Amino acid sequence: AFLLEKEQVKILQDIDSTQKKENIQNKENSVEDSACAIVDENGTLDTTLKKIKGRGNTNWKETDKKPFNLTFYDKTNIGGVTDKKFSFVSNAKDSTLVRNSIMYDLAFNVGSPYAPDQSFVDFYVNGVYRGSYIACQKIDLGKNSVVSLKDNSDDMDTGFNFLVEVDVWNYKSDVYFVSDKGYHVVLKTPDLDDYIETDPSMKAKYDYIQNTYQKLEDALYEGTLEDIEKICDLESLASQYLLQEFGKNCDGGYTSTFFTYNAEEEKFYAAPLWDCDSDLGAVDCVRDGCSTSTIDHTGWITRIAEYENTVNPYGQAFHVAGKTSDGKTFEEICTKMWQDKFMPMIDILLGNSEPSGRLQSIDEYTSSIEKSSYNNYVMWDFMWLCAQKNKSLNQKYTKDLAGEIQYLKDWTKERAKWMSYMYGTSTESEERTVYFTTDLKWHNLHLYAWNDTFVPVKWPGEKVETYITDENGNKIYE
């Protein structure tokens, strides 16, 4: 079930019989035709839930606050979000409960395709409060789904729209194939859960998806930027990359890495964004090829993170030769997008600009669920306090929700500042802090200053030697 106290929806769900109550705790099972009430400030909607089933991977295995997928018979409105299929995301690993909402709304505002909409809900099962969740559009393809392309695969074996997920870890229970680069690619839509290789139509659909995706991978890893542009929408790839990089998502390019294929356009879109509870300084891990942790507000991750010595699909475009058909590098596309689209939205997040579109300030997100958050942490303990893992911010935080929210605000501000420096877009002062990183695997670092000016250098880490040379390269100052 679900409820709102002014801003909050309440979902009240009744599951009959002991067997069904046990089934809901088993991810492989589902419960069908259960009574459900959606309560908000406008009243109560009594309805029937077609199916509820456990979802997720690490959150299902590692947390007691379980996530679920809910399917209704008809399109249903929950807190302003309308769909037939919802993912009830538990946010168990995010102490603030708002990171997913922030990132999905940011994706929508910067124009990343198919950004899922969501609303905060209080979730009850058989009268028992289960916590503060978000009711989020389930990642699915269909005319009335978050990926609003028609699932036109029923009457054709090739030439249809489809949705795939690159997932290097959590693929074994799904229908998938292994790409030439060794990535496991899960077939999400159309639904081939009952895939039988001896079924000619299913085999044809499977082969079509595999062969079409392989063309994308070949362009990414063996082609030029112009080759990538022919098969993948570069604006969507740039926005997806920047979302993953800004949030420093530990899973970005490894799992929940979605590509949508538009058959009419014969192009992939790097979308939708998904699974952002580990973003914005929430977890502490180091991915292969990276020299900084995901909890550090500095350093690249998605640009260079590797799987078995191969850069992930979302970052690979930085590592190819050539330019687009209109003469741009991928770096230039991302720089302009950061300046024009991301920086104004980050001002909204930090409370420096008025809300716009779906995006609000961090303070507005957290204050809108203040009561719900309190109740959630009466029911559940913090899984961990993100701020206590802080390595890069020169600040101590209280071990409570207020401290976690302040840490989220500080980390977001400093991460945005670092990325603006790296993209040459900071206007804070004439003095620039220049960050060099061994992420790019340079063996020697050199700072060159031309003309008759000298750029002040601050080195917040290892020792640096600077010197000036004459026009012939002879050292004249050290």
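As the structure is a computational prediction, the values presented were derived from the model and not from experiment. Note: hydrogens, waters and symmetry copies are ignored here, and every other heavy atom, side chains too, is used.
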Item checked: From Tyr365, Tyr104, Phe108, residue fulfilling side-chain contact (heavy atoms from CB on, under 4.5 Å) relative to Leu359 -> Tyr365
Check: Does NZ belonging to Lys323 count more than 12 external heavy atoms closer than 6.0 Å?
Finding: no
Next item on the list: Any pair with a residue in residues 348-363 that passes salt bridge (Lys or Arg N to Asp or Glu O under 4.0 Å), sequence neighbours left out, goes on the list, sorted by first then second residue, please.
Entry: Asp105-Arg358, Asp117-Arg358, Asp363-Lys409
Check: Any side-chain donor paired with an acceptor under 3.5 Å for Ser201 and Asp199?
Finding: no
Note to self: Is it true that Thr224 and Asp227 share a donor-acceptor pair across their side chains at a distance under 3.5 Å?
What the structure shows: yes
Notebook entry, point to check: In Å, rounded to the nearest 0.5 Å, how long is the span from CD1 of Ile139 to NZ of Lys85?
Noted result: 12.0 Å
Margin query: Quick check: do Tyr221 and His319 have side-chain heavy atoms less than 4.5 Å from each other?
Written below: no
Margin query: As an exercise, state the distance from CD1 of Ile38 to OG1 of Thr76, rounded to the nearest 0.5 Å.
Written below: 5.5 Å
Next item on the list: Can you tell me which residue pairs pass the salt bridge (Lys or Arg N to Asp or Glu O under 4.0 Å) test with a partner in residues 244-256, sequence neighbours excluded?
Entry: Glu245-Arg415, Asp251-Arg287
Checklist line | Donor on one side chain, acceptor on other, Gln214 and Gln210, under 3.5 Å | finding: no
Notebook entry, point to check: What's the verdict on side-chain contact (heavy atoms from CB on, under 4.5 Å) for Lys391 and Asp284, showing C-alpha distance, side-chain angles and the deciding distance?
Noted result: CA-CA 9 Å; Lys391 294 179 178 179; Asp284 180 11; 3.0 Å; yes
Check: Are Arg303 and Glu331 within salt-bridge range, i.e. N to O under 4.0 Å?
Finding: yes
Margin query: Using the side-chain contact (heavy atoms from CB on, under 4.5 Å) definition, which of the options Leu280, Asp94, Leu349, Asp279 pairs with Leu408?
Written below: Leu280
Next item on the list: Look at the rings of Tyr133 and Phe88 and say which category their plane angle falls in: under 30° parallel, 30 to 60° tilted, over 60° perpendicular.
Entry: tilted
Check: To the nearest 0.5 Å, what is the distance between OG1 (Thr335) and CD (Gln339)?
Finding: 6.5 Å
Next item on the list: Pick out which of Ser145, Pro190, Pro272 makes a side-chain contact (heavy atoms from CB on, under 4.5 Å) with Leu163.
Entry: Pro272
Next item on the list: Report yes if some heavy atom in the side chain of Asn91 is under 4.5 Å from a heavy atom in the side chain of Arg99; otherwise report no.
Entry: no
Note to self: Is the ring pair Phe72/Phe86 parallel, tilted or perpendicular, if the boundaries are 30 and 60 degrees?
What the structure shows: perpendicular
Next item on the list: Give me the ring orientation class for Tyr269 and Tyr114: parallel if the planes are under 30° apart, tilted from 30 to 60°, perpendicular past 60°.
Entry: perpendicular
Item checked: Straight-line distance of Thr158 OG1 to Met156 CE, nearest 0.5 Å -> 7.5 Å
Item checked: Test ring pair (Phe, Tyr, Trp, His ring centres under 6.0 Å) applied to Trp300 and Phe246, Phe318, Trp418, the passing residue -> Trp418
Note to self: Could you measure the distance from the CG atom of Leu220 to the CG atom of Leu225? Nearest 0.5 Å is fine.
What the structure shows: 10.0 Å
Check: Under 3.5 Å, is there a donor-acceptor pair linking the side chains of Glu404 and Thr96?
Finding: no
Note to self: Centroid separation under 6.0 Å, is that true for the rings of Phe268 and Phe162?
What the structure shows: yes
Note to self: Please check: side-chain N/O of Tyr206 versus main-chain N/O of Tyr176, any donor-acceptor pairing under 3.5 Å?
What the structure shows: yes
Notebook entry, point to check: Are Thr324 and Asp326 linked by a side-chain donor-acceptor pair shorter than 3.5 Å?
Noted result: yes
